[in-house]
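Only one structure is covered here, and it is reproduced in the block below.
Along the sequence shown, residues are numbered consecutively beginning with 1. If you're wondering where the values come from, they're calculated on a predicted model, not measured in any experiment.
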Amino acid sequence: MGTKEPQGLPNLQCDEGQPACKRCVASRRACVYVQARQHPNEDQASGCTRKALPVLVSKAALHQKEPPGWSLSQAMLFLLVPQFDRWQVATTSYQNQFPPRPHISMFSFHTGFMMMVTSHRIKMISAQRGVAVRRGQGFGIEHLWQNFFGYMALALEHLNEQIVARGPVRYVLHRTIDLLSNELPIMDSLWRSHLKGFFAIVALYGGVDAILETSPRPPYMALNYGMVFAIYGNSCSPAQDQVDGIYFWSEEDIRKLYTHSFFAVSPCPSDIFMAIHRITRLRILVATDPAAVECKSTAAEIAENLHDFPITDWTEPYALPEDPLRPMLAALFRMATLLYALLSLPPHLARPFAGSHWDGDPNNARLYYREALMEMLWQTSKRIQPSMLTWIFAVLGAAYPDGPREEQMLILEQLRVVLSLEDVISGPGTLLELLPEYWASGNLGWEDMYENFLDEAIPENLFFVHAPQCRTRREALSQVHPTESFAEPLPPSTGGAVKVLHRIEHPFAQETVLHREVVIQKDGCIRKSVRIDKSDLTAEKCHLGLLAAVSVPVPQVHGLYYTVEFEHLFMDKVPGETLYDAWHNLSALDRESIADQVVAMAEKWRSLKSSTIQASCLHRRPLKKGLQNATDLNLARLEQFEAATSRPEIAAYVKAMSADLHTAAIVFSHCDLDPSDIMVSGQNLSAMIDFESSGFLPPYFEWVAAKRMAQGAPDGSWWKLLEERLVEGKTAVWDKMWQVEKLFQALEKHSSQALEPDEREMGRINGWSDVCRIVGVDLGEPPAVSYPRALEHPWWLESRRI
């Protein structure tokens with residue numbers, strides 16, 4: 001049965017000819033029959049109504065009449081493959097993504113291609129004039145912009161239909177990438193929103209593993225594309241404004257996708273690419289929780305891997321060509337990643353990235369690495385396509401606010417060169433606007449480049465819960481004040497502090513309000529001051545006395561006293577330096593030796609036993625008193641998650657897994673063996689410090705705490721060394737307790753308190769999926785979550801109801 005023309009055109013019947021209807025070709029119309037054909041393979045999106053292509057607002061056609069045998073699919077190859085070949089550094093399976101013997105009937109959605117062709121024309125016209133791609137600049141191409149947004153509207157409508165109908169995942173992801181890839185070159189576009197949508201779609205279809213396992217043709221390229229731009233985009237975005245979907249992917253998933261092929265968008269070795277991602281995660285962790293114990297060891301581990309990376313003979317799971325570009329690219333990305341860490345992390349975390357260039361001042365390392373990277377870039381810029389290096393130029397520009405004027409101009413000049421290239425996205429244009437403002441501001445910090453984060457309007461569909469009339473974070477912050485008042489904003493400076501070792505401030509107080517402070521006093525003693533109810537220094541004082549009695553080297557306590565809102569612990573400053581500071585000067589054998597010494601010390605404190613569990617908190621969550629055994633402990637931890645209390649299957653699982661430990665001894669555990677809590681002198685352990693998280697717990701807990709920190713860490717890292725050694729007395733029941741710990745992590749993900757509603761929803765869905773998998777029972781739809789953070793955070797966002 002013939003298909004009629006769109007409304008408003010002469011009513012001619014389609015003759016359904018191949019490769020296109022002859023009547024449609026003769027009258028120069030889009031053949032609707034071709035659009036409506038069903039694709040024979042798994043890419044076909046069935047059951048949806050096809051929309052006619054928009055009528056062009058200009059009489060100037062986008063292309064001349066096609067030659068004999070021309071087809072849309074061949075046009076796609078004509079447009080895309082030459083571009084890709086020009087970017088190519090190593091062999092990939094890119095062309096295998098296209099069907100064999102392509103024909104127009106093989107492609108089920110043509111609007112995306114028309115959107116791409118129109119976008120390409122706009123981009124090339126802008127490139128010829130050396131300007132960023134932005135609407136409203138003239139050039140007589142407004143008709144192209146109208147066509148482009150017309151095609152995009154149809155593409156969005158079609159994509160939404162497919163999502164609602166739960167169309168084939170490969171098809172849906174590729175249509176999402178169609179939108180994203182056409183938006184990325186455009187200044188001020190909504191690419192970040194669509195990138196967040198991309199991760200929501202991946203979650204909707206069960207996550208990376210489920211997609212790769214169930215797809216007849218796994219969408220590696222689409223997953224790779226979205227992932228790469230999320231990781232680079234997050235690195236160049238404020239810590240409070242991230243595409244959070246990528247953080248629900250495991251490092252194993254990211255590496256698996258990235259190493260599928262050497263993707264031209266990011267010619268960066270996989271180990272260095274993973275380091276960029278992990279440094280960004282550290283930035284976020286520090287911004288949200290300055291006291292996070294895992295930060296120092298993670299920073300030291302990332303820095304060590306970067307310094308040791310073999311730039312001349314690095315390998316990947318796929319074959320790399322013998323090409324002089326390979327070591328050049330590795331050297332550039334390694335240097336830029338080290339500089340990124342120095343610029344974006346606080347000094348105590350940035351130090352290991354400086355190597356031998358610290359000299360007591362982080363600024364010395366910044367100056368050294370920026371000059372080295374500048375020289376390296378200009379030696380190689382004639383040999384490497386500069387559009388591949390946009391991220392490196394962003395890092396370099398951030399390092400030059402106080403640099404020579406002529407070198408700043410060289411950076412801008414190179415960015416203008418990149419603007420004229422065919423494969424450019426909006427990064428260079430954004431940097432050309434951002435860097436001069438940043439350099440003129442006099443600021444030096446990475447986050448300072450993004451001051452506009454506070455002044456950017458939030459999306460129209462969102463509102464601040466505590467300041468619904470405000471549109472920017474700065475406005476919301478000025479309107480919302482902490483409800484709590486402090487009689488003692490700062491701990492009293494009894495004894496006179498000469499050096500501050502550690503501080504945690506109230507994040508949104510209008511004046512400086514401290515929750516914790518550790519200082520060296522004039523008399524050489526350490527004073528630790530913690531706001532009452534934030535910890536239990538009385539318990540730490542007691543524990544230090546017990547440890548000294550069994551010959552564990554710990555600080556000698558001189559006193560504990562209280563002021564209005566603080567408790568204060570005074571103790572000796574022990575000799576040596578922290579393992580964190582010494583790590584890079586230690587050989588692999590030295591590190592293993594220190595790990596052995598720490599585990600030997602742990603055996604001493606494990607000789608301390610109790611008849612009941614005694615710990616004020618676990619993983620920074622308060623723990624109730626009166627617990628008798630591992631079952632009690634795990635059930636008490638479950639009570640912290642409202643979703644667990646509503647599903648009896650979860651408690652039953654925990655009871656069954658914990659049953660064999662009902663009569664196990666309760667032993668002393670440190671629970672926080674971070675390198676910053678271990679003092680060394682040379683290659684020898686000199687003391688253990690910071691027993692604030694310690695307590696009497698079941699015998700498996702020290703090992704589980706180390707294993708939790710070792711997740712994703714490479715062999716030879718501190719937490720891996722501990723995990724391998726803390727196995728004295730280990731039984732099969734310990735492995736069951738590790739499964740229970742993974743259940744707690746899944747529940748934490750389910751109730752993660754992200755500031756934006758779509759990110760909270762993604763955590764709720766993904767976390768519940770993990771809970772069901774671990775328990776081995778389908779627990780139904782993810783339950784609702786109450787978010788305590790919503791009661792106090794001035795930037796808590798919700799969606800407007802339409």
Side-chain angles (χ1 to χ4, degrees), residues 160 163-166 193 196-207 210 240-250 284 288-289 458-468 476 480 483 618-624 634-655 739-802:
N160 288 330
I163 294 172
V164 171
R166 197 63 71 91
S193 297
K196 290 181 179 182
F198 167 84
F199 286 101
I201 292 170
V202 173
L204 180 67
Y205 281 85
Q240 298 282 2
D241 186 23
Q242 297 277 298
V243 178
D244 284 355
I246 188 65
Y247 301 126
F248 293 100
W249 291 17
S250 68
I284 298 166
T288 55
D289 185 4
I458 59 173
E460 288 296 329
N461 65 318
L462 299 178
F463 68 97
F464 295 110
V465 170
H466 302 294
V480 181
T483 56
L618 284 181
H619 305 303
R620 283 169 268 139
R621 289 176 179 261
L623 189 66
K624 71 180 185 181
N634 289 326
L635 290 177
R637 294 179 70 189
L638 271 187
E639 292 175 4
Q640 300 168 349
F641 304 99
E642 57 183 330
T645 61
S646 65
R647 299 296 195 277
E649 298 91 341
I650 298 178
Y653 172 83
V654 168
K655 288 179 182 178
Q739 292 303 311
V740 172
E741 190 65 30
K742 290 170 71 175
L743 171 64
F744 290 130
Q745 289 180 296
L747 288 167
E748 289 168 2
K749 183 192 295 187
H750 170 260
S751 58
S752 61
Q753 301 193 61
L755 295 179
E756 295 193 18
D758 57 343
E759 292 158 10
R760 294 195 293 271
E761 182 65 8
M762 187 179 300
R764 191 177 72 91
I765 293 171
N766 289 346
W768 196 247
S769 174
D770 291 345
V771 169
C772 296
R773 176 177 51 79
I774 293 168
V775 175
V777 177
D778 183 357
L779 299 171
E781 291 297 314
V785 178
S786 298
Y787 298 101
R789 197 179 186 191
L791 300 175
E792 60 183 25
H793 203 296
W795 295 341
W796 191 267
L797 292 166
E798 291 289 358
S799 299
R800 295 186 186 277
R801 293 184 178 180
I802 301 175

Are any of the side-chain heavy atoms of [X] and [Y] separated by less than 4.5 Å?
{"X": "Ile650", "Y": "Val777", "value": "no"}
{"X": "Glu639", "Y": "Lys624", "value": "yes"}
{"X": "Tyr247", "Y": "Ile284", "value": "yes"}
{"X": "Leu755", "Y": "Gln240", "value": "yes"}
{"X": "Phe248", "Y": "Val202", "value": "no"}
{"X": "Phe464", "Y": "Trp796", "value": "no"}
{"X": "Asp758", "Y": "Lys196", "value": "yes"}

Between Leu797 and Val465, does the side-chain contact (heavy atoms from CB on, under 4.5 Å) criterion hold? Intermediate values first, please. CA-CA 6 Å; Leu797 292 166; Val465 170; over 6 Å; no
Approximate separation, where rounding is to 0.5 Å, of [X] [atom1] and [Y] [atom2]:
{"X": "Cys772", "Y": "Asp778", "atom1": "SG", "atom2": "CG", "answer": "6.0 Å"}
{"X": "Leu635", "Y": "Lys655", "atom1": "CG", "atom2": "NZ", "answer": "6.0 Å"}
{"X": "Phe199", "Y": "Trp249", "atom1": "CZ", "atom2": "CH2", "answer": "5.0 Å"}
{"X": "Met762", "Y": "Leu204", "atom1": "CE", "atom2": "CG", "answer": "10.0 Å"}
{"X": "Arg773", "Y": "Leu779", "atom1": "CZ", "atom2": "CG", "answer": "12.5 Å"}

Let's go through Val243 and Phe198 carefully: what are the C-alpha distance in whole Å and the side-chain angles of both, what is the deciding distance for side-chain contact (heavy atoms from CB on, under 4.5 Å) to 0.1 Å, and is it a yes or a no? CA-CA 10 Å; Val243 178; Phe198 167 84; over 6 Å; no
Residues two or more places apart in sequence or in another chain: which of them pass side chain to side chain donor-acceptor pair (under 3.5 Å) with [X]?
{"X": "Glu649", "answer": "none"}
{"X": "Tyr653", "answer": "none"}
{"X": "Lys749", "answer": "Asp770"}
{"X": "Arg647", "answer": "none"}

Under the 3.5 angstrom rule, does the side chain of Ser752 hit a backbone N or O of Glu748 as a donor-acceptor pair?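 Pair absent, no side-chain N/O of Ser752 close to backbone of Glu748.
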With no hydrogens and no angle check, is any side-chain donor or acceptor of Arg760 less than 3.5 Å from a backbone partner on Ala754? yes
Enumerate, atom names and distances included, each donor-acceptor pair closer than 3.5 Å involving a side-chain atom of residues 782-789, sequence neighbours excluded.
residue, atom, partner, partner atom, Å
Ser786, OG, Glu642, OE1, 3.4
Ser786, OG, Glu642, OE2, 3.3
Arg789, NH1, Gln753, O, 2.8

Sole candidate of Leu747, Val740, Thr645 that passes side-chain contact (heavy atoms from CB on, under 4.5 Å) when paired with Leu638: Leu747
Could you give me the CA-CA distance, side-chain angles and deciding distance for Arg764 and Glu781, then say whether salt bridge (charged side-chain N to carboxylate O under 4.0 Å, His left out) is met? CA-CA 10 Å; Arg764 191 177 72 91; Glu781 291 297 314; over 6 Å; no
For Glu792 and His466, the nearest pair of non-hydrogen atoms, with its separation, is N-NE2, 3.9 Å
Derivation and outcome, side-chain contact (heavy atoms from CB on, under 4.5 Å), residues Glu756 and Glu798: CA-CA 7 Å; Glu756 295 193 18; Glu798 291 289 358; over 6 Å; no
ring-ring contact (aromatic ring centres under 6.0 Å, His included): pairs with one or both residues in residues 745-776, sequence neighbours excluded: His750-Trp768
